[in-house]
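This report concerns only the one structure given below.
The figures here come from the full heavy-atom set of this structure, side chains too, leaving out hydrogens, waters and symmetry mates.
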2 protein chains.
Amino acid sequence: MSAESGQARPAPTLEMVAALAGVSRATVSRVVNGSPSVDPSMADSVEKAVRALNYVPNRAARTLASRRTYTVTLLVPESTSKVFADPFFASVVEGIARYLNTTEYMLNMVTSSESNPEKTRRYLLGGNVDGVLVVSHHTGDHSWERLNGQLPVVFAGRPLVDAGQSYFVEVDNEEGAAAATARLTGAGRRSIATIAGPQDMLAGVDRLAGWRAEVRRAGLDDALVETGDFTVASGAAAMRRLLDRGRNIDAVFAANDQMASGAYSVLQERGLRIPEDVAVVGFDDDYYATSLSPALTTIHHPITALGGKMAEVLVDLIEGRPTERVNRLPTSLVVRDSA
Amino acid sequence: MSAESGQARPAPTLEMVAALAGVSRATVSRVVNGSPSVDPSMADSVEKAVRALNYVPNRAARTLASRRTYTVTLLVPESTSKVFADPFFASVVEGIARYLNTTEYMLNMVTSSESNPEKTRRYLLGGNVDGVLVVSHHTGDHSWERLNGQLPVVFAGRPLVDAGQSYFVEVDNEEGAAAATARLTGAGRRSIATIAGPQDMLAGVDRLAGWRAEVRRAGLDDALVETGDFTVASGAAAMRRLLDRGRNIDAVFAANDQMASGAYSVLQERGLRIPEDVAVVGFDDDYYATSLSPALTTIHHPITALGGKMAEVLVDLIEGRPTERVNRLPTSLVVRDSA
DNA sequence: TTGTAGGCGTTATCAT
DNA sequence: ATGATAACGCCTACAA
């Protein structure tokens, strides 16, 4: 066959279905949209016609008439460059896409060029979208909450200061960190240090708070703190500083698995056994957790679930269903060999 | 009616702009769409009105009337689960998104559930999209080329057997492999082995062919071949088999960086120095390349560019511009310390 | 329960 | 160059 570069036969319309089924367009519309009040026999012949013609409603027409787009936008504030390579982002998107697949909503992505945020803003407010999902890495960046009241928006992570109006879903970092630490206290460890994350990031702050809460609850010293920036190297450096304090440390809670990885190397280079001499618990349950030796006991960070929940909340918002404004997802302890 | 929760003032319409500018809707439409034949002064007042009202064309209406959606779909045949976590996929998408950002096309993703490909098919052919981009991992899976002739489609990677009709863009694996090998022959290596990729994947086949071509060109033995499956472990195993042949090998071209990493460990465990005793060149220039020690000399695989080119070709196709059916992207040698 | 008819915001075809 | 006036395909009161 000769490949025409042009389009082919036009898609069947509601009207054609109506003709074939011998009913009015209104009836077809009702059947297609699952209206409750339609005579079963009619519905039947309509459905037959739909299949015969392989009819699919035209989205644009539907949107124009109903003023609903059935589209939600994934807004990526960062410069397009690196986002997609980030496994965190990838997992969130996966969760979103998976949930949306169970609905009739479509996902479309727009990376708001910081060069021209107004363009993005106008697009969103131009009636082209039913709702917005914001996944940023500047944790707490809710600058797009201005859209609230105009258009439903759901954020990943809570804002730096919760003004009580934006919808968001976050992982319960504090509880997770406390659980990680409890694994240590529960095993009789008495000198528990932590390699904290950056204190200008919510995850860093919350995880440190969780560690501190549990350590105090157990009546232990809460001064064994060194901070890193979530990288392997910073974890190693922090572990080194901790050890150089000359105190006898028998356990470490690292605020993420990468820093735990850094701690491993220092611990091992100093001849300390894991977990015999020093037990280690991480956070995130990522690639590093399983590839380390001994395998890292850590806190599972439900990133995909986070995305799924975001999408769920947004759809609820769009359809006017009552929804919690803030959702905090629980974490779980994954026990392996390091603690 | 009662007030809808959250929603606000309706977006300004073309009609409102026309009223404010004191012209007809047709004229406004012309101005907005940059029609050549409009009186400058008129255009001016229209633009003023557009800004004043912060007018944005309604996408659905525009689509309905023009029968153009300005939307392209990224089709992901795999099961949703793992795709996003794959760095290759992530980079391709990044390239696509970046290019599309320079156009007026929107990107929307649909992961075709293998459970129900017909649904996807109907959506695509239902006039909801102007074109399709297919990124699959089953290299050569062009099962969606059936859409050709109905809707423009561009694939990542060439089909197993090129029937001469589907548009695709691929990286020149063969040339890249030859360049990698030439780095070795050029340095006077005489006994050059290769750790080939799976021979049921195009990348595996092409890279082996490139190695073979260069090795023969240099008049060397082309029997030093062992195959892996692109994983680190398989690379180590292949290296071991190569060494166990008892031949004196002074260089190795690994079909990807991960297998090169595996080769490194075996080489080092047998006390062979890199590159003094055995020079190594990889392919992909990924994370492994820089984290290995000594840093790996490798072939840069332009994944992001691949995505960008795909989008470019698709848009050209949609707009009826002449375009090459097959695009082969050049690779480049990245010289580091292993060869 | 089913059909009629008006409209959703643009583009496109004609005249003018 | 500009302006009426149909479509575009569907939804939704409202009427029957």
Requested in this report: Among the candidates dG3(D), dC10(D), dT10(C), find the nucleotide nearest to the side-chain atoms of Tyr55(A).
Outcome: dC10(D)
Report task. Going by the side-chain contact (heavy atoms from CB on, under 4.5 Å) test, name the single residue among Lys309(B), Arg158(B), Met310(B), Glu170(B) that passes it with Asn327(B). Result -> Lys309(B)
Requested in this report: Would you indicate, yes or no, if dT11(C) has its OP1 or OP2 atom less than 4.0 angstrom from a side-chain nitrogen or oxygen of Ser29(B)?
Outcome: yes
Report task. Mind calculating the distance between CG (Leu14(B)) and P (dG7(C)) to the nearest angstrom? Result -> 18 Å
Query - Inter-residue atom distance Met109(B).CE - Met106(A).CE, 0.5 Å rounding - result: 9.5 Å
Query raised in the report: Which comes earlier along DNA chain D counting from the 5' end, the contact point of Leu64(B) or that of Val38(B), where each point is its nearest nucleotide?
Result: Val38(B)
Query raised in the report: Out of dT10(C), dC10(D), dA12(C), which has the shortest distance to the side chain of Ala26(B)?
Result: dA12(C)
Query raised in the report: What is the distance, rounded to the nearest whole Å, between atom CZ of Arg30(B) and atom C1' of dT2(D)?
Result: 6 Å
Requested in this report: Write down the distance between CE (Met16(A)) and P (dG9(D)), rounded to a whole number of angstrom.
Outcome: 10 Å
Query raised in the report: Where the side chain of Ser37(B) is concerned, which of dG3(C), dA1(D), dG9(D) is the nearest nucleotide?
Result: dA1(D)
Query raised in the report: Taking atom CG of Leu306(A) and atom CZ of Phe88(A), what is their separation to the nearest 0.5 Å?
Result: 5.5 Å
Report summary line: Note: for Ala60(B) and Ser24(A) on DNA chain C, the residue whose nearest nucleotide lies more 5' is Ser24(A)
Report task. For the pair Arg30(B) and Asp39(B), find out whether any cationic side-chain nitrogen is under 4.0 Å from an anionic carboxylate oxygen. Result -> no
**Report entry** For atom OH of Tyr70(B) and atom P of dT10(C), their distance in whole Å
**Finding:** 14 Å
Query raised in the report: With sugar-phosphate meaning primed atoms plus P, OP1 and OP2, does Val32(A) contact a base, only sugar-phosphate, or nothing at under 4.0 Å between heavy atoms?
Result: nothing
Report summary line: Which of Val313(B), Val315(B), Leu314(B) passes side-chain contact (heavy atoms from CB on, under 4.5 Å) with Thr323(B)? Answer is Val313(B)
Query raised in the report: Asn33(B) has an atom CG; how far is it from atom P of dT11(C), in whole Å?
Result: 5 Å
Query raised in the report: Does dG3(D) have OP1 or OP2 sitting under 4.0 Å from an N or O in the side chain of Thr27(B)?
Result: yes
Query raised in the report: Separation of Arg67(A) atom CZ from dG9(C) atom C1', in whole Å?
Result: 9 Å
Query raised in the report: To the nearest angstrom, how far is Glu104(A) atom CD from dC11(D) atom P?
Result: 11 Å
Query - Length of the line joining Asn58(B):CG and dG9(C):C1', which is rounded to integer Å - result: 6 Å
Report task. Report the nucleotide, chosen from dT5(D), dG3(D), dT12(D), that has the shortest atom-to-atom distance to any side-chain atom of Arg25(B). Result -> dT5(D)
